[in-house]
Amino acid sequence: MSKDKKQIYKPKAISGFPEWLPEERLIEQQWLDHIRRVFESYGYTSIETPAAEEIDVLTAKGETDKEIYTLTRLQADDSDKREARIGLHFDQTVPLARYTAMHFNELDFPFKRYAMQKVWRGERPQLGRMREFYQCDIDVIHVDHLPLHFDAEMPAVIYEALSALDIGRIQIKISNRKILLGLLDAMGVEDTIPVTRTVDKLDKLGPEEVTKLLMNDCGLSKDHCEKILHLTTVSGVADIRAITPDNDQMKEGIEELAFVLDQLSHLPEGVIKADLSIVRGLDYYTGTVYETRLLDIPEFTSSVCSGGRYDDLAGSYINKHLPGVGISIGFTRLFDVLRHHGYIKAHKKCPTDVLVILPDEDMRAETAKVAQALRAGGHNVEVYHAPQKIGKQIAYAEKKGIGYVWFPDLGEVKNLASGTQEKANATTWKAK
RNA sequence: GCGAUUGUAGCUCAGUGGUAGAGCACUCGGUUGUGGUCCGAGCUGUCGCGGGUUCGAUCCCCGUCAGUCGCCCCA
């Protein structure tokens, strides 16, 4: 090595594009594996779509709010301008719609699919808000008519997927947009999006502030505001059924919501909560909507998982009527916020269960044989790379969180947590 | 995109108008092969970048870039 200073480019983390240490990644993968198993246990099938879509596909539904990252070559020249402009997908619903439209004849309906991929949004990053993150989505799409039972299946699956992650109590709030939209229609309110966005902020701003915004920014009368806010306080199947609808749309919403809640009554008390203040600011949801809170993690204030029903998912891409319902876990948000606040306890830095000591260069073959026997017994096994001092080899195992050290020369295994060491047979021994 | 705040070793942070320190981490050692504690030694920095003021700036001023938080929006 030369004594001259090496020229180094000091790398900086790209904000909003997270990466984890090995011990964190290990847990992330366990979580993803668990979620995948739950999704599959309900018959959802995996598809993977490309990271990039044509800009026209991405914007077909008028999603101008979501900042789309576009893809260009660094060496782009005039010939590139003739090519289709492409961008990274900002969710998995738009790719699903495109996919369903393109493979319509080859798919079987109702099409139940899950997807666990990264998505990209060019927003300002913050804790719990990334520019690159995983979403774990399930959606069901059918032709012409999708039974309401699926609206009830979404929260049931999500409850199972999340409740095993050791993140405390989950609460899934459910509403039906037809109720509020029906009310607004009966009131003669035409521009509904600002109203729904404002109502959606109820738990953050409180009723007074929301009333003020509704009157000042949305031009609603005090009377109307009161009616809307009163509606948002209703919860429980009985109370929902007791609402007097102002029109057919409201009536439909009430019946649908009551039905979905009924279907979910088998879940533990408190998991499902009807909350008519949940409307979602997004305009493409047409019926049932979901939002999920973590009741035992006070630092986690945003929704970890949300979704809803859309009347016509792929209408922009195919001349068919394809209603769907879906829900999405904001996986990276969930993982990162919990990690940041110390709720995720990582111990192991590698998947290794047993480190086999290499006592001596001459023992490599023997050591490899022991390792192979242990692997055959279902263990993850690493052999130390050099015949260094035993203390050093043990320290390596300790640092990496490996639970056991095997001494092939002694035929003994040492439990690092307890410090005990005993004779053992590599083919029959089992880690605890 | 708007507003606020920050930018010194791998990490967390001190510090001064005269070219820098601690803790942690890391490496080696503590009588010739069994970790975690303890002790000793060692290693590490264009003090974000560019310009200005000054005899001289990491410290003052301007700009810039980047991070963080809030808003917006959302997973």
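The sequence lines fix the lettering, A, B, ..., with proteins before strands; numbering per chain opens at 1. Just so we're clear, the structure is a prediction, and the values are computed from it rather than from any experiment.
Looking at heavy-atom distances under 4.0 Å, A/Pro359 makes contact with a base. Using a 4.0 Å heavy-atom criterion, one finds that A/Val405 contacts no nucleic acid atom at all. Within the 4.0 angstrom heavy-atom criterion, base atoms lie near A/Phe407.
Atom pair A/Glu67:CD and B/rC73:P shows a separation of 14 Å (rounding to whole Å applied). When the P atom of B/rG33 is taken as reference, atom CD of A/Gln421 falls 15 Å away, rounded to whole Å. Atom CG in A/Leu213 sits roughly 13 Å away from atom C1' in B/rC71 (whole-Å rounding). Here B/rC73 presents its P atom at 17 Å from CZ of A/Phe90, a figure rounded to the nearest Å. Counting to the nearest Å, the C1' atom of B/rG35 and the CD atom of A/Glu412 are 16 Å from each other. Put simply, CD on A/Glu361 is 18 Å from P on B/rG33, counting in whole angstrom units. Atoms CD (A/Gln393) and P (B/rG36) sit 15 Å apart, rounded to a whole Å. Between A/Asn415 atom CG and B/rG35 atom C1' the separation is 12 Å, expressed in whole Å.
Side-chain N/O atoms of A/Glu382 and A/Thr352 include a donor and acceptor closer than 3.5 Å. With hydrogens and angles left out, the side-chain atoms of A/Gln388 and A/Tyr384 include a donor and acceptor closer than 3.5 Å.
With both pairing distances under 3.5 Å, B/rG29 is matched to B/rC39 as a Watson-Crick or G-U wobble pair. Using Watson-Crick or G-U wobble geometry with both donor-acceptor distances under 3.5 Å, B/rG3 finds its partner in B/rC69. In a base pair of the Watson-Crick type (N1 to N3 plus N6-O4 or O6-N4) or a G-U wobble (N1-O2 and O6-N3), with each distance short of 3.5 Å, B/rA22 is matched with B/rU12. Within the shown strands, B/rG52 is the pairing partner of B/rC60 under the Watson-Crick or G-U definition, both distances less than 3.5 Å.
Of the P atoms belonging to B/rU6 and B/rG63, the separation is 15 Å, rounded to the nearest Å. A distance of about 14 Å separates the P atoms of B/rC49 and B/rG7, rounded to the whole Å. Across B/rA14 and B/rG48, the matching P atoms stand 14 Å from one another, rounded to whole Å. Comparing the P positions of B/rA20 and B/rU44 gives a spacing of 14 Å, expressed to the nearest Å. Rounded to whole Å, the P atom of B/rU58 lies 15 Å from the corresponding atom of B/rU53. Taking atom P on both nucleotides, B/rG42 is separated from B/rC55 by 40 Å, rounded to a whole Å. Atom name C1', nucleotides B/rC13 and B/rG17: the rounded distance is 23 Å, in whole Å. Between B/rA66 and B/rG50, the distance separating the two C1' atoms is 14 Å to the nearest Å.
When each of A/Thr332 and A/Leu416 is assigned the nucleotide of RNA chain B with its nearest heavy atom, A/Leu416 is the one assigned upstream, toward the 5' end. Residue-to-nucleotide proximity on RNA chain B shows that, of A/Met130 and A/Thr420, the 5′-proximal contact is made by A/Thr420.
Here the side chains of A/Val354 and A/Trp429 are in contact, with some heavy-atom distance below 4.5 Å. Counting only heavy atoms from C-beta outward, the side chains of A/Phe17 and A/Trp120 approach each other to under 4.5 Å. The shortest side-chain heavy-atom distance between A/Arg113 and A/Leu96 falls under the 4.5 Å cut-off.
Side chain of A/Lys222 to main chain of A/Met215: no donor-acceptor pair is present (N/O by atom type, distance under 3.5 Å, no hydrogens or angles).
Among the nucleotides B/rG33, B/rU34, B/rG35, the one closest to any side-chain atom of A/Leu410 is B/rU34. The nucleotide whose nearest atom lies closest to any side-chain atom of A/Arg121 is, among B/rG36, B/rG33, B/rC74, B/rC74.
Taking the six-membered ring for Trp, A/Phe335 and A/Trp31 have ring centres closer than 6.0 Å. A/His149 and A/Phe259 have their aromatic ring centers within a separation under 6.0 angstrom.
A sub-4.0 Å separation between OP1 or OP2 of B/rG35 and a side-chain N or O of A/Lys400 is absent.
A/Glu24 and A/Arg339 are joined by a salt bridge, as a carboxylate oxygen and a charged side-chain nitrogen come within less than 4.0 angstrom of each other. Here A/Arg98 pairs with A/Glu53 in a salt bridge; the nearest charged N to carboxylate O distance falls below 4.0 Å. Look at A/Lys118 and A/Glu132 and you find a salt bridge, because one of the NZ, NE, NH1 or NH2 atoms lies within 4.0 Å of a carboxylate O, short of that distance.
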Between protein and nucleotides 23-32 of chain B, what N or O pairs are separated by less than 3.5 Å?
residue	atom	partner	partner atom	Å
B/rC28	OP1	A/Lys392	NZ	2.3

Short heteroatom pairs, N/O only, protein and nucleotides 67-70 of chain B, under 3.5 Å:
residue	atom	partner	partner atom	Å
B/rG67	OP1	A/Ser15	N	3.3
B/rU68	OP2	A/Ser15	OG	2.6
B/rU68	O4	A/Arg124	NH2	3.1
B/rC69	OP1	A/Leu127	N	3.0
B/rC69	OP2	A/Leu127	N	3.2
B/rG70	OP2	A/Gln126	OE1	2.6
B/rG70	N7	A/Gln126	NE2	3.4

Only distances under 3.5 Å count here; give the side-chain donor-acceptor pairs of residues 407-414 of chain A to other protein atoms, sequence neighbours excluded, each with its distance to 0.1 Å.
residue	atom	partner	partner atom	Å
A/Glu412	OE1	A/Gln421	NE2	2.7

